[in-house]
Engineer: 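Right, I'll just put the structure down here and ask away after.
Computed from heavy atoms alone, side chains included, the values below leave out hydrogens, waters and symmetry copies. Just so you know, residue 1 is the first one in the sequence shown, and it goes up from there.
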Amino acid sequence: TTACMLAGAAAAPAPPPPPTEAVAPDEPAPDFVWEQIDFRRDQGDLEGSLEAVEEALEDYPNARALQARRQQLLKQINPDDPLAGRSASSLKRDAQNAMGSGDYDGALDLIDAAIDEDDQDSELFYMRGRCLGELGRNLEALAALEDAKALGHDAGQVDRLIEQYR
């Protein structure tokens with residue numbers, strides 16, 4: 001009977017594994033794209049090279065090498081801007097830390113730079129709304145929160161803040 005119980009226990013299905021975040025595979029850009037980018041850079045036209053990279057990213061959004069080149073060019077074009085060339089996720093993480101320490105002005109600068117990199121991230125707009133509200137800029141906060149909701153952020157969470165800042 002013990003064997004039957006073990007056999008019955010073994011037949012129970014295992015729980016499914018937890019979902020994992022999908023990571024887009026790297027997508028290399030063709031040589032002609034790199035030739036155009038490098039030609040402009042070699043001519044000293046960093047802005048033109050950046051423009052070529054951004055155009056290529058429209059066709060090859062998962063090309064990690066293009067993303068890295070974009071970051072590099074942004075840093076070269078704006079060497080005095082400490083936010084230039086940083087990824088939206090890095091800026092967002094630093095903004096969350098700044099908000100946690102009560103530095104809403106600093107967080108807002110980071111969030112705005114992150115939105116420049118990723119204007120479809122509803123959480124960035126939600127965070128922007130929170131910062132603006134904490135700074136007493138309620139009308140701007142409400143607009144940012146409406147943007148967050150339009151991009152699909154949790155409506156209940158957004159509506160609670162909207163009520164607070166009205």
Engineer: What pair of heavy atoms forms the shortest contact from Gly133 to Ala141, and how long is it?
Structural biologist: N-CB, 3.5 Å
Engineer: For Asn138, what residues pass the side chain to side chain contact (heavy atoms under 4.5 Å, CB included) criterion, not counting sequence neighbours?
Structural biologist: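 Expected list: Tyr165.
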Engineer: Any side-chain hydrogen bond (donor to acceptor under 3.5 Å, both in side chains) involving residues 73-87? Give me the pairs, sequence neighbours left out, ordered by first then second residue.
Structural biologist: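 The answer is Arg86-Ser90, Arg86-Asp94, Ser87-Ser89.
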Engineer: Can you list every pair that meets salt bridge (charged side-chain N to carboxylate O under 4.0 Å, His left out) and has a residue in residues 130-139, with sequence neighbours left out?
Structural biologist: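 Only Arg137-Glu140 qualify under salt bridge (charged side-chain N to carboxylate O under 4.0 Å, His left out).
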Engineer: Show every salt bridge (charged side-chain N to carboxylate O under 4.0 Å, His left out) that has at least one partner inside residues 29-39, sequence neighbours left out.
Structural biologist: Asp38-Arg41, Asp38-Arg69
Engineer: Hydrophobic clustering (ILVMFWY, side-chain heavy atoms < 4.5 Å, transitive) - are Leu46 and Val33 grouped together?
Structural biologist: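 They do share one cluster, since a chain of ILVMFWY contacts under 4.5 Å joins Val33 to Leu46.
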Engineer: Looking at every non-hydrogen atom in both residues, tell me the closest pair between Ala95 and Ala107 and how far apart they are.
Structural biologist: O-CB, 3.7 Å
Engineer: Is there side-chain contact between Leu66 and Trp34, with at least one heavy-atom pair below 4.5 Å?
Structural biologist: yes
Engineer: What's the spacing between Leu110 CG and Met127 CE if we round to 0.5 Å?
Structural biologist: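 Those atoms lie 8.5 Å apart.
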Engineer: Would you say the side chain of Lys92 lies within less than 4.5 Å of the side chain of Ile111, judging by non-hydrogen atoms?
Structural biologist: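 Ile111 vs Lys92: side chains apart.
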Engineer: Are the side chains of Pro30 and Tyr60 in touch, meaning some heavy atoms are under 4.5 Å apart?
Structural biologist: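 Answer yes - side chains close enough.
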Engineer: For the residue pair Asp103 and Asp105, establish whether any side-chain heavy-atom pair is separated by less than 4.5 Å.
Structural biologist: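 Yes, their side chains come closer than 4.5 Å.
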Engineer: Can you tell if the side chain of Arg166 reaches within under 4.5 Å of the side chain of Ile162, non-hydrogen atoms only?
Structural biologist: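 In short, these two side chains touch, coming nearer than 4.5 Å.
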Engineer: Should Leu108 and Leu135 be marked as a side chain to side chain contact (heavy atoms under 4.5 Å, CB included) after you check the CA-CA gap, both sets of side-chain angles, and the distance that decides it?
Structural biologist: CA-CA 10 Å; Leu108 189 57; Leu135 294 169; 4.1 Å; yes
Engineer: Once side chain to side chain contact (heavy atoms under 4.5 Å, CB included) is applied, do any residues pair with Ala148, and if so which ones, sequence neighbours excluded?
Structural biologist: Phe125, Tyr126, His153, Val158
Engineer: Going by the side chain to side chain contact (heavy atoms under 4.5 Å, CB included) test, name the single residue among Leu124, Leu83, Leu74 that passes it with Glu117.
Structural biologist: Leu74
Engineer: Taking Leu57 as the starting point, is it possible to reach Ile77 by hopping between hydrophobic residues whose side chains are less than 4.5 Å apart?
Structural biologist: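 Result: yes, single cluster for both.
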Engineer: Can you measure from CD (Gln67) to CD (Glu27) and round to the nearest 0.5 angstrom?
Structural biologist: 9.5 Å
Engineer: Answer whether the closest heavy-atom distance between the side chains of Gln96 and Glu123 falls below 4.5 Å.
Structural biologist: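 Contact flag for Gln96/Glu123 side chains = yes.
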Engineer: Hey, mind stepping through Gln120 and Asp118 against side chain to side chain contact (heavy atoms under 4.5 Å, CB included) and telling me if it holds?
Structural biologist: CA-CA 6 Å; Gln120 298 301 305; Asp118 182 1; 3.8 Å; yes
Engineer: Do Lys149 and Asp159 sit within salt-bridge range, that is, some charged N less than 4.0 Å from a carboxylate O?
Structural biologist: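 Looking at Lys149 and Asp159, the cut-off is met.
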Engineer: Going by an N to O cut-off under 4.0 Å, is there a salt bridge joining Glu163 and Arg160?
Structural biologist: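 Looking at Arg160 together with Glu163, the answer is no, because their closest N to O distance does not fall below 4.0 Å.
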Engineer: For the hydrophobic clusters of this structure (ILVMFWY residues joined by side-chain heavy atoms under 4.5 Å, transitively), does one cluster hold both Leu91 and Ile115?
Structural biologist: no
Engineer: Check residues 47-54 and write down every donor-acceptor pair under 3.5 Å in which the side-chain atom is one partner and the other belongs to a residue at least two apart or another chain.
Structural biologist:
unit_1: Ser49; atom_1: OG; unit_2: Ile37; atom_2: O; d: 3.0
unit_1: Glu54; atom_1: OE2; unit_2: Arg70; atom_2: NE; d: 3.1
unit_1: Glu54; atom_1: OE2; unit_2: Arg70; atom_2: NH2; d: 3.3

